[in-house]
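So the structure is just underneath, and the comments pick up after that.
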Amino acid sequence: MLVFVALTVFVQSVFGGNLVEVLQNDGETTLIALVKQAGLADALLSGEYTIFAPTNAAFSKLPQSVLDGLQRDTTALANILKYHVVKGSIHKADASNELQLETLAGTKIRFNIYNHNNVVTVEGSKITHFDLTASNGMVHVIDAVMMPPTGSIVDLVAGNSDLSTLLSKVQSAGLAGALQGDALTVFAPTNAAFNRLGSHVLDNLRRNPQLLKEILEYHVVPHTEYSAGLYNREYLRTLDTHHDVIRLGVSSTNGVVINRRSHVTQADISATNGVVHIIDHVLIPSRYLFSAILGKNASFKQIQAKSTKGFLMKKPLTMLAFVALTVFVQSVFGGNLVEVLQNDGETTLIALVKQAGLADALLSGEYTIFAPTNAAFSKLPQSVLDGLQRDTTALANILKYHVVKGSIHKADASNELQLETLAGTKIRFNIYNHNHVVTVEGSKITHFDLTASNGMVHVIDTVMMPPTGSIVDLVAGNSDLSTLLSKVQSAGLAGALQGDALTVFAPTNAAFNRLGSHVLDNLRRNPQLLKEILEYHVVPHTEYSAGLYNREYLRTLDTHHDVIRLGVSSTNGVVINRRSHVTQADISATNGVVHIIDHVLIPSRYLFSAILGKK
């Protein structure tokens, strides 16, 4: 058996070759298909190049609508692909922090090296595999598709209507020139963030241009800090006169939080001269808290001396009491559902609810809202958000899909429980005890039981999209799964896949083609073997990505209940039986979830019958 397995691996593997062959050997099938579609394959063989190659999983992070758009517009597709290619062979050893290289698209990409976690990024995309050597260049594998920036940091701010207040204040403070410098990180407060300061503070900033300048410079770090380089309890020195520090809190639950209050709501917006992270609160150095709030450069003792009555009482006020009072004044607790959402910082959701005309409806009864964070909405491409904002009917339907009647507490949830939403379709709870995760339609619930006067809020990390049908409907509607559909029909399994709470690992047409004509012929001649192999791709309970873990074994639906073994890592994503990769995960169906994979799974008991045609 050992010799056979070794021989199989040897036959299936091709080492080295030109750039296209190296990409093929490493499994970057989506990239190769797009390169061929854009007519760039021959160009990549005509010289020496370095390719920063997004994985299949990286492309699967893009919405299908974006991929479809690129496939229709081959000029735009070619430009994005060229943005991943530079001339010559660039090794890992050649990279240095802030090094920029010109791409075939005519724009530059930037290296960043973060020593604390041994991460190297290019335009914020993490390089997961270095120095795959080809006969005519080099390949580095990255975990995200890079999009060419549309301009400098000032251009990005000027082009975002939600940052118009920041733009006007940058111009008033005469900082536009400084923000044209290279290798900058800007934490950019939204218009709503400035409005949270209140009219008194805003008036004071208008009257005190030096204070405004210092506060704005406190939002700028003089080197490039993408998300991949940020870590919990990190201190970053800023550009203000005193080089005051901002303190980061980084967690899987809350994302990136600055100075314990301001959240990064949209991260890693690349500019030609650095990166922008959008935040929901203005940052103020502690030295300026009093001047910003009280309107002058008052010391703490001077404030104590002025405190004769009112909320600053006659007795000297300790710093701890003052801070506690400030937090109290800034916070509003409880209230109705809309107020609870506002207090928790779900500003994007609130804006969309109002735009869809649903705010009054949410106050007219008792409801539970599964509330995506601002960061969850920022995962959606701007084009998708723009489309929803133009189509308020579609927007309202998606928002209603996040709302159920009554107050549902965490304690009410059970695994595979389904609840009907206001959209008329159901959402499914899953509870994964091994990592204490609870999901709804695969979205992780990060904060439970925010109680409102008329219901309940649970915060989730991803916007939920209503499924378009059952698992069979999803397979039938995906042209890349047509071989799977025909084999499911041949084996008489369509009915079984209409059962509830199923997980299907769905091989693509290309996955079946990899088996070779001899194996495919054998499966056609042996319907029982085909049925067993197809059932080996089905798990009889719902397993979203949030519930999968490394070295997990899942029993399948085949006659012997054979197991599949998972490998889960940040580098390779989800790998099944050491060979098959999940290329698109968490496609919700009305009766479970589908994960698309790039190799057909075969139980070890059938390897010989499937490959050699006999038992």
Side-chain angles (χ1 to χ4, degrees), residues 15-28 31-32 34-35 40-59 78-149 152-153 181-185 221-231 268-275 569-572:
F15 299 99
N18 60 43
L19 282 167
V20 174
E21 289 167 339
V22 167
L23 290 172
Q24 182 71 51
N25 186 51
D26 198 58
E28 269 57 79
L31 176 59
I32 291 173
L34 294 174
V35 164
L40 295 178
D42 290 341
L44 292 181
L45 303 179
S46 65
E48 185 179 357
Y49 300 106
T50 295
I51 300 177
F52 297 92
T55 60
N56 294 345
F59 279 105
N79 189 58
I80 286 176
L81 294 175
K82 288 177 181 178
Y83 187 62
H84 292 73
V85 184
V86 300
K87 289 184 178 179
S89 292
I90 310 298
H91 295 72
K92 179 182 180 181
D94 299 324
S96 59
N97 194 43
E98 305 292 0
L99 171 69
Q100 289 183 284
L101 301 173
E102 185 158 358
T103 69
L104 296 192
T107 47
K108 293 182 177 180
I109 52 178
R110 181 189 304 271
F111 278 101
N112 286 106
I113 300 175
Y114 302 106
N115 293 320
H116 66 87
N117 60 357
N118 300 314
V119 163
V120 180
T121 65
V122 56
E123 284 301 301
S125 297
K126 183 178 176 182
I127 302 178
T128 59
H129 198 173
F130 295 86
D131 294 350
L132 300 180
T133 304
S135 59
N136 66 318
M138 187 71 63
V139 172
H140 304 293
V141 181
I142 59 176
D143 70 350
V145 179
M146 301 186 293
M147 294 294 181
S152 68
I153 288 172
D182 192 51
L184 300 177
T185 300
V221 175
H223 43 86
T224 314
E225 290 282 343
Y226 282 93
S227 294
L230 303 180
Y231 60 93
D268 297 339
I269 308 172
S270 285
T272 54
N273 62 326
V275 63
S569 70
S570 58
T571 304
N572 296 317

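Sequential numbering from 1 along the given sequence is applied to the chain's residues. Values below: every heavy atom of this structure, side chains too, minus hydrogens, waters and symmetry copies.
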Results of side-chain hydrogen bond (donor to acceptor under 3.5 Å, both in side chains) for Ser227 - residues two or more places apart only: Asp268
Side-chain donor or acceptor of His84 paired with backbone N/O of Val145 under 3.5 Å: no
Side chains of residues 118-126: which donor-acceptor pairs under 3.5 Å do they make with residues two or more places apart or in other chains?
from: Glu123; atom 1: OE1; to: Ser270; atom 2: OG; distance (Å): 3.1
from: Glu123; atom 1: OE2; to: Arg110; atom 2: N; distance (Å): 3.0
from: Ser125; atom 1: OG; to: Ala144; atom 2: O; distance (Å): 3.3

Separation between CG of Asn572 and OG1 of Thr128, rounded to the nearest 0.5 Å: 7.0 Å
Ile80/Met147 under side-chain contact (heavy atoms from CB on, under 4.5 Å): CA gap, chis, key distance, verdict: CA-CA 6 Å; Ile80 286 176; Met147 294 294 181; 3.5 Å; yes
Under 3.5 Å: donor-acceptor pair, side chain of Thr50, backbone of Gly88: yes
Pairing residues for Asn136 by the side-chain hydrogen bond (donor to acceptor under 3.5 Å, both in side chains) criterion, not counting sequence neighbours: none
Sequence-distant partners of Ser152, side chain to side chain contact (heavy atoms under 4.5 Å, CB included), two or more places apart: Val154, Asp155, Gln180, Thr272, Asn273
Side chain to side chain contact (heavy atoms under 4.5 Å, CB included) against Ala53, all qualifying residues, sequence neighbours excluded: Leu23, Glu28, Leu31, Ile51, Val139
Donor-acceptor contact present, side-chain Asn117 to main-chain Ala228, <3.5 Å: yes
Heavy-atom side-chain contact between Asp131 and Met138 under 4.5 Å: yes
Asp42, CG atom: more than 12 neighbouring heavy atoms under 6.0 Å: no
side-chain hydrogen bond (donor to acceptor under 3.5 Å, both in side chains) involving Thr107 - partner list, sequence neighbours excluded: none
Minimum heavy-atom distance between Lys82 and Thr103, given as atom pair plus value: O-CB, 3.5 Å
Set of residues satisfying ring pair (Phe, Tyr, Trp, His ring centres under 6.0 Å) with respect to Phe52, sequence neighbours excluded: Phe111, His140
Heavy-atom closest pair, residues Tyr231 and His116: CD2-CE1, 3.1 Å
Nearest heavy atoms of Ala134 and Asn18, plus distance in Å: CB-C, 3.7 Å
Distance in Å, Ile142 CD1 paired with Ile127 CD1, rounded so as to fall on 0.5 Å steps: 7.5 Å
Residues in side chain to side chain contact (heavy atoms under 4.5 Å, CB included) contact with Asn56, at least two apart in sequence or another chain: Thr29, Thr30, Thr583, Asp598
All pairs passing salt bridge (charged side-chain N to carboxylate O under 4.0 Å, His left out) where residues 85-94 contributes a residue, at least two apart: none
For His223, all residues meeting side chain to side chain contact (heavy atoms under 4.5 Å, CB included), sequence neighbours excluded: Glu98, Val221, Glu225, Leu236
